[in-house]
Protein chains: 2
Amino acid sequence: MSNVQELPLLEPTGGQGVVPCCPPLTERPMSAPEAETAARMFKALGDPVRLRLFSAVASHEGGEACVCDISDVGVSQPTVSHHLKKLKEAGLLTSERRGTWVYYRVEPSVLAAMGQLLAMPAAA
Amino acid sequence: MSNVQELPLLEPTGGQGVVPCCPPLTERPMSAPEAETAARMFKALGDPVRLRLFSAVASHEGGEACVCDISDVGVSQPTVSHHLKKLKEAGLLTSERRGTWVYYRVEPSVLAAMGQLLAMPAAA
DNA sequence: AGGCTGGTTCGACGTGTGTCAACATAGACT
DNA sequence: AGTCTATGTTGACACACGTCGAACCAGCCT
């Protein structure tokens with residue numbers, strides 16, 4: 001490939017909080033650019049295999065997992081690698097090589113941003 | 001058409017609460033069936049046009065909107081109808097014809113279920 | 001009835017996506 | 001060096017998906 005977009009869907013505030021990419025879905029109609037950005041996240045989780053991989057990493061001890069720990073999802077190893085790459089490109093996971101193994105970990109702030117997107121308006 | 005799956009992703013408890021289809025992504029690795037179910041929702045929101053349509057309905061007065069109110073998303077009207085149908089099949093919207101117009105409204109419990117899915121474990 | 005407007009369905013077309021086998025790369029260990 | 005294990009990459013293929021125009025259906029309104 002040539003251009004891997006890494007856009008993170010959030011803007012770090014420097015402090016402990018993050019600014020979600022978009023307001024809650026129920027607050028106002030999303031603009032086209034907002035929707036484009038947010039849809040990338042949802043699409044990344046819109047595949048059963050990716051969802052299982054993501055959940056496996058997210059629920060693993062310390063929020064990180066070696067590929068060998070999570071690659072039992074019923075598809076071939078190249079396919080697992082392919083999906084992990086997609087999740088990485090969507091900004092949901094990060095990867096790091098440590099010796100023989102590669103570890104993936106979740107990007108907690110992005111998860112939070114997605115949660116914000118789906119937040120209900122406090123049951124008005 | 002022949003088989004429109006309406007599976008609602010939640011099980012009404014009879015009371016005021018609902019049982020989300022799956023535990024939070026971070027709690028434990030999702031099973032294959034759980035992932036299959038949840039991925040359907042994410043996939044439905046994984047398209048920019050659908051996301052805008054959904055947001056338009058969700059943010060509209062009373063949580064419902066006529067198609068004519070939200071069909072300005074840059075694609076042809078048949079395409080709008082197609083996407084609304086997808087959102088309906090995913091259990092995210094319901095539709096009702098009232099005279100000349102067709103109104104779509106959000107399924108709030110499903111939104112809540114998705115929020116649960118992405119809920120963080122209270123910053124352990 | 002006949003026409004008009006709002007929506008859906010149909011059929012087709014191009015593009016994107018998930019999957020695998022085969023190959024390539026990175027590090028560990030003889 | 002050579003080999004073995006763990007991952008990633010490439011190429012190919014079938015299928016799903018988003019999109020549109022055209023045809024169709026449902027209510028209103030003369």
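Sequence lines set the chain letters: A, B, ... in the order given, protein chains first and strands last, and positions in each chain run from 1.
Atom OH in B:Y103 sits roughly 9 Å away from atom P in C:dG7 (whole-Å rounding). Distance CD (B:Q77) to C1' (D:dC24): 13 Å, rounded to an integer number of Å. Nucleotide C:dT17 holds its P atom 17 Å from the CG atom of A:L84, rounded to whole Å. Counting to the nearest Å, the C1' atom of D:dG18 and the CD atom of B:E89 are 14 Å from each other. A:Y104 places its OH atom 12 Å from the C1' atom of D:dA6, with the value rounded to the nearest Å. Spacing between atom NZ of A:K85 and atom C1' of C:dA24 amounts to 14 Å, rounded to whole angstrom units. For the pair B:W101 CH2 and C:dG7 P, the interatomic distance rounds to 8 Å; values are reported in whole Å. Across the protein-nucleic acid pair, B:D72 atom CG and C:dG7 atom P stand 13 Å apart, rounded to whole Å.
Of the side-chain N and O atoms in B:K43, none sit less than 4.0 angstrom from OP1 or OP2 of C:dT17. For A:T100 and C:dG27, the shortest distance from a side-chain N or O to OP1 or OP2 is not below 4.0 Å. For the pair A:S76 and C:dT19, the criterion of a side-chain N or O lying under 4.0 Å from OP1 or OP2 is not met. Considering only side-chain N and O atoms, A:H83 lies under 4.0 angstrom from the phosphate OP1 or OP2 of C:dT19.
Both B:V102 and B:V49 are part of a single hydrophobic cluster, where members link through side-chain heavy atoms under 4.5 Å apart. By the rule that hydrophobic residues join a cluster once side-chain heavy atoms approach within less than 4.5 Å of another member, A:L84 and A:V75 end up as members of one cluster. No continuous path of ILVMFWY side-chain contacts below 4.5 Å connects B:W101 to B:I70, so the two sit in separate hydrophobic clusters.
Listed nucleotides: C:dT19, C:dG27, C:dT8. Nearest to the side chain of A:R97: C:dG27. Which of D:dT7, D:dG18, C:dA22 sits closest to the side chain of A:V102 comes down to D:dT7. Side-chain atoms of B:P78 lie closest to D:dC20 of the nucleotides D:dC20, C:dG7, C:dG18. In this structure, of D:dG27, D:dG18, D:dT7, it is D:dG18 that holds the atom nearest to the side chain of B:R50. In the set D:dT19, C:dG18, C:dT8, D:dT19 carries the atom at the smallest distance from any side-chain atom of B:T79.
In this structure, A:V80 reaches neither bases nor backbone, as no heavy-atom distance under 4.0 Å exists between it and the strands shown.
For the pair A:L87 and A:L45, the minimum side-chain heavy-atom distance is below 4.5 Å.
Summarising the geometry, atom NZ belonging to A:K88 is positioned 12.5 Å from atom CD belonging to A:E107; distances are rounded to the nearest 0.5 Å.
In terms of position along DNA chain C, the nucleotide closest to A:G74 lies nearer the 5' end than the nucleotide closest to the other residue of the pair A:G74 and A:R98.
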